[in-house]
Amino acid sequence: MDTLVRGGTVVLESGRLRADVLIRGSRVAGLLDPRESAGFKARVIDASDLLVLPGGVDVHTHIGIQFGEFTTRDDFGSATRAAAFGGTTSLLEFAFPEPGEDPAEAVERRISQASGQAVIDFGFHAAIAQHADADALAGIERAAKLGAPTVKVFTAYRGIMMLELGDVMAVMREAAKARSLVMVHAETEAIVERAVGELRERGIADARHHPQARPGIAELDAARSVLRLAAETGAAVYLVHVTLPEVAEEIARARADGVRAYGETCPHYLFLDESVYSTPHGERFVCSPPMRSATAARGLWRTLGTSLTGVHSDHCCFDSEQKKVYASDSTRIPPGLPGVETRMPLLISAALSGRLSMPDVVRLCSSEPARLFGMQGKGSLLPGMDADLIVVDPRARHRLDGLHMATDYTPFAGMEIRGRIETVVAGGEVLVSAGRWVGEKPAGRYIRRRRLEA
Ligand code: URP
Ligand code: ZN
Ligand code: ZN
């Protein structure tokens, strides 16, 4: 039977309209004038006085990964369920090769891990860590053939993930040939190492001093180098988790010079600042790069929709026990914050408070990432698109508690949130109704993505 989401205001990146959403199977069959749909025989989702948005697309998560001696607490089942509760109906995760694997083999392994567990659609970015040898480089094209036309590299985390700039350049050359997007974690490790050394000498390398351990100049320096390499190689480049307006400006400048340069930020860099490291559990906020000054956070808001085209979670689900093991040495605290469930509520709340518009939220969190990352069918509710949508009560107010991520804390505890996600539909199936889980067996499908336009 068809489903009709009736009585709501549909929000698209281009604006809002009063329309009923007709769902047939897993697709949107039409946006109907409410007067037309009155006599329709369909299962009805009542959206009277509510907002109907395309489901969120989160292109930056880390699920079930090991980082040094720590493994995140979640798996594809728990993380995608939490994502759905938070209004995200598709996500892109990383496939880090294990020893002996090439990037494409890692993508295949991760597809089988997620299949049968994920409750929302998922895709993968290929990744190259430590050495970009010939096999790894050839894996970029093979991964693109599998529908993973993105490759992640790190200029930080020596001995775990880091690639030297020469290797980053080699990755860019191959990626340009394969029409794959190069995603970069940009921080200059040598600057971080120097800063950490100095803090250690003074005996203050704890969580409280984490921002000094990874200073802004490390991010700015790496961003500049990487953008120059993109200009040189013709690669398209995407800077993940940008924390500084100056870095966003570098991206905009590179784009104005003809480089295909893009960037995202994350909710924690918009809603929090470095003062969190002075709170009693500063270690719970340790991530790379760190939160910056309140001025930088305010500046970042102004880059949204222009130099930065996405807001993604960088979800990395450690719990408070794991975070506190090395609280006195910020370099050993597992980096990353849980956030796949809180990204959309935070952005929707910001829109309801007037910080940006609701179409901006759709553009930043759904439409633009779906387009850039080649996710056909995602990011819009126009007829023919996947029936991935959320119904939001704009009048509700609540605190971020009772979350579903596999951890015991959120960095946004205590924050008042405007708007509540009442219903979540993914692939035409209702997963959340009146805020409760009603999904049946995991039906998330692998998203085979398109390469970049030539
Ligand atoms: O601290 C972070 N961001 N952890 C996740 C891994 C990464 O660098 O994106
Ligand atoms: Zn990173
Ligand atoms: Zn990340």
Side-chain angles (χ1 to χ4, degrees), residues 59-60 92 94 125-129 132 137 140 149-158 161-192 214-266 269-270 288-290 292 296 299-312 314 364 368-369 371-374 451-454:
V59 305
H60 187 168
L92 299 181
F94 297 92
H125 307 292
I128 299 183
L137 293 175
I140 296 172
T150 36
V151 56
K152 174 80 178 283
V153 296
F154 294 80
T155 66
Y157 304 140
R158 191 186 302 282
M161 312 272 193
M162 189 184 112
L163 284 187
E164 298 290 352
L165 280 187
D167 283 5
V168 171
M169 189 166 167
V171 168
M172 285 186 175
R173 280 205 197 97
E174 286 307 307
K177 282 190 232 154
R179 289 193 281 121
S180 284
L181 178 65
V182 182
M183 302 171 75
V184 188
H185 171 135
E187 284 180 294
T188 299
E189 186 72 1
I191 296 178
V192 171
R214 305 188 83 90
I217 184 61
E219 184 180 340
L220 189 56
D221 179 66
R224 285 185 176 141
S225 301
V226 159
L227 290 167
R228 272 198 297 270
L229 294 183
E232 177 69 22
T233 57
V237 67
Y238 178 92
L239 298 189
V240 297
H241 50 48
V242 170
T243 69
L244 294 166
E246 293 85 344
V247 172
E249 280 158 23
E250 292 287 339
I251 294 171
R253 207 165 296 137
R255 208 183 300 149
D257 288 345
V259 180
R260 287 212 260 177
Y262 308 92
E264 63 168 32
T265 189
C266 311
Y269 302 120
L270 293 168
S288 337
R292 309 287 189 197
L300 267 187
W301 279 97
R302 291 192 285 275
T303 70
L304 297 182
T306 52
S307 27
L308 302 183
T309 55
V311 179
H312 298 284
D314 194 10
L364 290 163
E368 191 58 45
R371 242 188 324 268
L372 179 60
F373 287 82
R451 299 179 197 235
L452 293 167
E453 303 280 320

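Residue numbers count from 1 along this sequence.
With H125 contributing its side chain and T150 its backbone, the two residues share no donor-acceptor pair below 3.5 Å. Side chain of E264 to main chain of V311: no donor-acceptor pair is present (N/O by atom type, distance under 3.5 Å, no hydrogens or angles).
When every heavy atom of A186 is checked against every heavy atom of A222, the shortest pair comes out as C-CB, 3.5 Å. Of all the heavy atoms in V259 and A231, the pair that sits closest is CG2-CB, 3.7 Å. The two atoms that bring Y157 and S288 nearest to each other are OH-OG, 3.0 Å, heavy atoms only. Across V192 and A218, no two heavy atoms sit closer than the pair CG2-CB, 4.0 Å. Closest approach of V59 to H312, counting heavy atoms only: N-ND1, 3.1 Å. Of all heavy-atom pairs between C266 and D314, the closest is SG-CB, 3.9 Å.
When the salt bridge (charged side-chain N to carboxylate O under 4.0 Å, His left out) test is applied to E189, no partner is found at least two apart in sequence or on another chain. Considering only residues two or more places apart in sequence or on other chains, T188 meets the side-chain hydrogen bond (donor to acceptor under 3.5 Å, both in side chains) condition with D221. R228 pairs by the side-chain hydrogen bond (donor to acceptor under 3.5 Å, both in side chains) definition with nothing, not counting sequence neighbours. Every salt bridge (charged side-chain N to carboxylate O under 4.0 Å, His left out) that R224 has, sequence neighbours left out, goes to E250. When the salt bridge (charged side-chain N to carboxylate O under 4.0 Å, His left out) test is applied to R260, no partner is found at least two apart in sequence or on another chain. Residues satisfying the ring pair (Phe, Tyr, Trp, His ring centres under 6.0 Å) test with Y262, not counting sequence neighbours, are none. The side-chain contact (heavy atoms from CB on, under 4.5 Å) test applied to R292 returns E219, T243, L244, P289, P290, A296, not counting sequence neighbours. Checked against side-chain hydrogen bond (donor to acceptor under 3.5 Å, both in side chains), R173 has no partners two or more places apart in sequence or in another chain. Residues meeting the side-chain contact (heavy atoms from CB on, under 4.5 Å) test with E174, sequence neighbours left out: L137, I140, K177. For T155, there are no side-chain hydrogen bond (donor to acceptor under 3.5 Å, both in side chains) partners, not counting sequence neighbours. Remark: R451 engages E141 in a salt bridge (charged side-chain N to carboxylate O under 4.0 Å, His left out) (not counting sequence neighbours).
Here R302 contributes atom CZ and E249 contributes atom CD; the two are 9.5 Å apart, rounded to the nearest 0.5 Å. The CG atom of L181 sits 10.0 Å away from the CE atom of M172 when rounded to the nearest 0.5 Å.
Applying the ring-ring contact (aromatic ring centres under 6.0 Å, His included) test to every pair with at least one member in residues 219-240, sequence neighbours left out, gives these pairs: Y238-F373.
In this structure, F154 and H185 have tilted ring planes: the angle between them lies in the 30° to 60° band.
At a threshold of 4.5 Å between non-hydrogen side-chain atoms, the residues L270 and L304 count as touching. The shortest side-chain heavy-atom distance between M169 and E164 does not fall under the 4.5 Å cut-off. Here the side chains of L300 and L308 are in contact, with some heavy-atom distance below 4.5 Å. With contacts defined as side-chain heavy-atom distances shorter than 4.5 Å, the pair H60/K152 qualifies.
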